Number of protein chains: 2
Amino acid sequence: MGAPTSPSSRSAPGRRQAEADDDTMVDLHAAVARRLERHDHRYTPGRRHLVETLARVARPVTLPQISSHSDELPQSSAYRNLEVLERCGVISRIAGSADHAHFELAEPLVDHHHHLVCVSCGSLQDVHLDDELEALVDAELAQAAAAAGFTPTNHSLDLHGYCHNCEPDR
Amino acid sequence: MGAPTSPSSRSAPGRRQAEADDDTMVDLHAAVARRLERHDHRYTPGRRHLVETLARVARPVTLPQISSHSDELPQSSAYRNLEVLERCGVISRIAGSADHAHFELAEPLVDHHHHLVCVSCGSLQDVHLDDELEALVDAELAQAAAAAGFTPTNHSLDLHGYCHNCEPDR
DNA sequence: GGTGTGAATGAGACTCATTCTCACTAACGT
DNA sequence: ACGTTAGTGAGAATGAGTCTCATTCACACC
């Protein structure tokens with residue numbers, strides 16, 4: 001991992017997060033289970049539920065949003081499981097400026113992508129960029145990082161602005 | 001103490017944040033004062049102090065770090081003033097995953113730049129990218145945003161990894 | 001079929017960064 | 001001087017996220 005993550009071949013399913021059909025869901029669960037096992041953790045119903053919700057909404061969501069989609073999980077368990085899933089590389093936490101952190105499926109389980117961040121309502125949305133541009137960015141960042149004695153793992157690129165519900169004040 | 005000290009205000013901003021010499025400091029204060037005035041706020045000594053600290057450290061810092069550099073300001077005032085300065089576009093808040101938010105001088109007052117984010121200790125460091133690449137990124141992001149009905153204001157590009165004090169676990 | 005071991009759960013207490021409240025003071029305009 | 005408004009500081013309040021702990025579950029091995 002000298003270089004930033006390239007969206008290169010991994011054994012895991014590199015499928016689009018959106019509109020997950022049953023097949024991709026099965027693959028996803030298998031991949032998640034494998035990751036949990038590797039860390040000596042179990043793929044319990046609660047965790048399964050979280051993963052399934054994240055896969056279905058296909059965008060970064062907060063814990064309250066997850067709960068509202070179906071609150072089968074008490075808050076403390078939900079947070080604990082999100083943390084476990086994060087440590088196992090299944091999901092990633094986006095700390096943003098909104099009140100709550102956002103969670104999404106982690107990169108090897110979904111395609112590399114970035115976010116549109118609404119500065120008004122704090123909501124997040126995925127964007128995909130051209131691979132070539134990604135490579136350019138990675139290359140130049142890697143170079144700049146090296147100069148600063150920094151060991152990169154991955155980059156994140158957010159576009160801040162107003163989502164379609166939050167037109168700039170009018 | 002009266003008015004801001006620089007009547008000669010040559011177009012101040014656009015300067016590098018690091019190693020601010022006295023001249024740039026004078027310019028900076030003038031620019032900040034102008035912004036505050038525009039919002040009917042005063043450039044009080046406490047605010048001056050915050051701006052000066054941020055200019056001197058030349059990297060995003062947390063409130064405890066600001067205080068440790070010289071705690072002339074009670075916590076509640078510091079937070080309140082940071083908020084005012086943020087609303088006036090003088091500083092920007094970086095919410096990150098660290099315990100504390102980081103603060104830095106806002107973009108029009110310093111050059112456009114990005115951050116190296118240490119995933120281990122949470123510290124931030126500035127990086128500058130090639131203008132051409134920036135333009136490319138902006139162009140493509142703008143296009144993607146338009147497709148999503150999103151009105152962009154600016155982008156942020158972070159490189160996550162390990163700073164030179166926090167080599168990957170060994 | 002028991003039984004032991006360690007992970008998982010849920011309820012609630014707790015932490016702690018940040019924000020709010022409020023009484024008070026400093027600055028500016030007239 | 002006087003009124004009005006912004007700023008101050010101390011402490012209380014808020015609230016997202018974490019921790020504790022008693023209990024339950026899952027699985028292996030007898």
Side-chain angles (χ1 to χ4, degrees), chain A residues 29 32-51 60-68 70-88 90-104 121-124, chain B residues 1-5 32-51 60-68 70-88 90-104 121-124:
Chain A
H29 284 309
V32 171
R34 230 176 299 129
R35 275 158 190 272
L36 284 169
E37 271 162 32
R38 204 177 301 149
H39 290 255
D40 289 313
H41 282 123
R42 301 171 191 158
Y43 199 16
T44 63
R47 290 169 189 178
R48 213 179 169 78
H49 188 76
L50 285 172
V51 167
V61 282
T62 64
L63 186 114
Q65 288 170 332
I66 295 175
S67 299
S68 75
S70 73
D71 60 346
E72 302 208 353
L73 223 46
Q75 197 203 43
S76 63
S77 298
Y79 273 118
R80 188 178 340 102
N81 283 329
L82 286 171
E83 195 209 310
V84 168
L85 290 169
E86 188 188 10
R87 270 211 313 277
C88 296
V90 173
I91 66 173
S92 50
R93 174 193 307 245
I94 306 161
S97 50
D99 279 1
H100 295 260
H102 286 73
F103 298 90
E104 66 177 358
C121 70
S123 72
L124 297 185
Chain B
M1 36 142 304
T5 9
V32 171
R34 232 176 297 128
R35 276 159 190 270
L36 283 169
E37 271 162 32
R38 204 176 304 149
H39 290 253
D40 289 313
H41 281 125
R42 301 171 191 156
Y43 199 16
T44 63
R47 291 169 188 178
R48 213 179 169 79
H49 188 75
L50 284 172
V51 168
V61 282
T62 64
L63 185 114
Q65 287 171 333
I66 294 174
S67 299
S68 75
S70 74
D71 59 346
E72 301 208 354
L73 222 46
Q75 198 201 42
S76 62
S77 298
Y79 273 116
R80 187 176 345 99
N81 284 329
L82 286 171
E83 195 210 308
V84 169
L85 291 168
E86 188 188 9
R87 271 210 313 277
C88 297
V90 173
I91 66 173
S92 49
R93 172 192 308 244
I94 305 161
S97 50
D99 279 3
H100 295 260
H102 286 73
F103 298 90
E104 66 177 359
C121 71
S123 72
L124 298 184

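Because only heavy atoms are used, hydrogens play no part in the values below, and waters and symmetry mates are left out as well, while side chains stay in. Note that the structure is a prediction, hence the values are computed from the model and not measured.
We find that CG of A:Asp40 is positioned 18 Å from P of D:dA26, with the value rounded to whole Å. Going from atom CD of A:Gln75 over to atom C1' of D:dT18 covers 10 Å, rounded to whole Å. Distance B:Phe103 CZ to C:dA17 C1': 10 Å, rounded to the nearest Å. Atom-to-atom, CG of B:Asp99 to P of C:dC16 comes out at 9 Å; the value is rounded to the nearest Å. Following rounding to the nearest Å, A:His100 (NE2) and C:dA17 (P) show an atom-to-atom distance of 18 Å. What separates CZ of A:Arg42 from P of D:dT24 is a distance of 16 Å, to the nearest Å. When rounded to the nearest whole Å, the span between CD of A:Glu37 and P of C:dA7 equals 15 Å. Residue A:Leu73 contributes atom CG, which lies 9 Å from atom C1' of C:dT9 at whole-angstrom precision.
If you check C:dA8, D:dA10, D:dG7 against the side chain of A:His41, the one that comes closest is C:dA8.
Nearest-nucleotide mapping onto DNA chain C: of A:Ser76 and B:His102, the residue sitting toward the 5' end is A:Ser76.
A heavy-atom distance below 4.5 Å is not found between the side chains of A:Phe103 and A:Leu50. Contact of the A:Thr62 side chain with the A:Asp99 side chain is not registered, since no non-hydrogen atoms from C-beta on lie closer than 4.5 Å. The closest side-chain heavy-atom distance from B:His41 to B:Cys88 is below 4.5 Å.
Across all non-hydrogen atoms, the minimal contact from A:Asn81 to A:Arg47 is OD1-NE, 2.8 Å. The shortest heavy-atom contact between A:Glu104 and A:Pro60 is OE1-CG, 3.5 Å.
Residues of residues 77-86 of chain B that place a heavy atom closer than 4.0 Å to DNA chain D, in numerical order, are B:Ser77, B:Arg80, B:Asn81.
Within the model, atoms CG of A:Leu85 and CZ of A:Arg35 stand 11.0 Å from one another, a figure rounded to the nearest 0.5 Å.
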>> Determine whether A:Leu124 and A:Val61 satisfy the following criterion, side chain to side chain contact (heavy atoms under 4.5 Å, CB included), listing intermediate values before the conclusion.
In response: CA-CA 8 Å; A:Leu124 297 185; A:Val61 282; over 6 Å; no
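One finds a side-chain N or O of B:Arg93 lying less than 4.0 angstrom from the OP1 or OP2 phosphate oxygen of C:dT19.
The base of C:dA8 lies outside donor-acceptor range of the side chain of A:Thr44, with no N or O pair under 3.5 Å.
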